[in-house]
Number of protein chains: 2
Amino acid sequence: MKEFCCPENEPNESDLRPVEGPDAEQELAALAKALGHPARVQIVRFLSRRSTCVCGEIVDQLPLSQSTVSQHLKVLKEVDIVQGSIDGPRVCYCLNPRTLRRLRALISSL
Amino acid sequence: MKEFCCPENEPNESDLRPVEGPDAEQELAALAKALGHPARVQIVRFLSRRSTCVCGEIVDQLPLSQSTVSQHLKVLKEVDIVQGSIDGPRVCYCLNPRTLRRLRALISSL
DNA sequence: TTCTTTCATCGCAAATCTACGATGATACTT
DNA sequence: AAGTATCATCGTAGATTTGCGATGAAAGAA
């Protein structure tokens with residue numbers, strides 16, 4: 001199983017962007033909106049359970065068509081919660097730990 | 001300024017509900033959806049800056065009509081992020097720290 | 001009572017979201 | 001080249017969301 005698509009997890013990496021102000025509020029709203037659907041939470045949870053990237057088995061986990069799951073993955077990729085990289089005929093997906101840390105920081109500041 | 005609408009903040013209060021499983025995923029999706037709009041994030045931020053409850057000055061903070069702000073407040077109240085209580089002709093709003101802690105727990109588990 | 005203030009709700013139009021099947025794109029296999 | 005597998009995109013129908021003005025409900029003031 002390839003893992004090249006998974007970014008390094010660097011716990012000490014700090015995000016210097018502010019957690020308050022108009023930009024931060026807009027960013028939090030966009031991230032929350034992307035997570036605001038049960039199917040997308042399930043996708044994130046599924047990727048979270050696997051520590052590595054997941055290639056081509058997400059559709060099997062959801063009671064939705066392939067095109068619908070692809071749409072949900074697109075939403076998660078647009079806000080960089082999920083990253084995808086091509087692996088031959090497949091696509092490997094993984095969470096972006098940097099974005100998740102950012103989300104936690106924004107939520108914590110509320 | 002009355003504060004009777006504000007629940008006690010008990011930092012040591014623990015929430016025993018699981019942060020994983022279908023129910024938790026549904027709950028997180030509902031909370032994230034409620035936060036998934038810039039105006040609603042701004043409302044929460046505004047209530048967060050004030051440590052007490054806020055009576056009748058939220059509309060002034062947003063470039064939206066009174067009815068629209070009321071709708072957004074309704075969304076936040078439906079998921080119990082915001083609480084409102086009547087104070088004469090006004091309504092006092094405040095955050096529910098219990099729900100916010102729950103949200104942080106759910107996000108942290110991703 | 002009548003007026004005013006404050007907030008909720010109604011009704012509607014426009015925009016966005018959701019889900020699906022069909023189709024397209026890409027890469028591997030034979 | 002032809003076929004297969006995997007995922008993205010297109011087109012579309014139905015549902016939901018968003019925003020607003022108009023109206024309703026409740027409480028205090030005159």
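Letters A, B, ... mirror the listed sequences (proteins, then strands); counts begin at 1.
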Participant: For DNA chain D, which nucleotides open and close the run of contacts to chain A, 5' to 3', at under 4.0 angstrom from a non-hydrogen atom?
Facilitator: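 So the contact region on DNA chain D extends D/dT6 to D/dT9.
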
Participant: Between the protein and nucleotides 5-10 of chain C, are there any N/O to N/O pairs under 3.5 Å, and if so, what are the atom names and distances?
Facilitator:
residue	atom	partner	partner atom	Å
C/dC7	OP1	B/Gly56	N	3.1
C/dC7	O3'	B/Tyr93	OH	3.0
C/dA8	OP1	B/Lys77	NZ	2.9
C/dA8	OP1	B/Tyr93	OH	2.6
C/dA8	OP2	B/Ser70	OG	2.6
C/dA8	OP2	B/Tyr93	OH	3.2
C/dA8	N7	B/Gln66	NE2	2.9
C/dA8	N6	B/Gln66	OE1	3.0

Participant: Taking the side chain as everything from C-beta on, heavy atoms only, tell me whether B/Leu28 gets closer than 4.5 Å to B/Leu110.
Facilitator: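 Yes, at least one pair of side-chain atoms sits under 4.5 Å.
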
Participant: Is there a side-chain contact between B/Ser85 and B/Val91 (heavy atoms, below 4.5 Å)?
Facilitator: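 Counting from C-beta outward, B/Ser85 and B/Val91 never come under 4.5 Å.
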
Participant: So, are B/Glu57 and B/Arg50 salt-bridged, with charged N and O less than 4.0 Å apart?
Facilitator: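 B/Arg50 and B/Glu57: salt-bridged.
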
Participant: Taking the side chain as everything from C-beta on, heavy atoms only, tell me whether B/Ile81 gets closer than 4.5 Å to B/Val75.
Facilitator: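 The answer is no, as the side chains (C-beta and beyond) never meet within the 4.5 Å cut-off.
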
Participant: Quick one: is A/Lys33 getting a side-chain N or O under 4.0 Å of the C/dT16 phosphate, OP1 or OP2?
Facilitator: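 A/Lys33 to C/dT16 OP1/OP2: no side-chain N or O under 4.0 Å.
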
Participant: Quick test of your reading of the model: are B/Glu25 and A/Arg40 salt-bridged, counting only N-O distances below 4.0 Å?
Facilitator: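 Salt bridge between B/Glu25 and A/Arg40, a charged N being under 4.0 Å from a carboxylate O: no.
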
Participant: Salt bridge between B/Glu27 and B/Arg102, side-chain N to carboxylate O under 4.0 Å?
Facilitator: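 A salt bridge is present here (some side-chain N lies under 4.0 Å from a carboxylate O).
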
Participant: Distance-only, no hydrogens or angles: does the A/Ser108 side chain make a donor-acceptor pair with backbone N or O of A/Arg104 under 3.5 Å?
Facilitator: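 It does hold such a pair.
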
Participant: Could you tell me whether the side chain of A/Arg45 and the main chain of B/Ser109 form a donor-acceptor pair under 3.5 Å?
Facilitator: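 Looks like yes, one N/O pair under 3.5 Å.
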
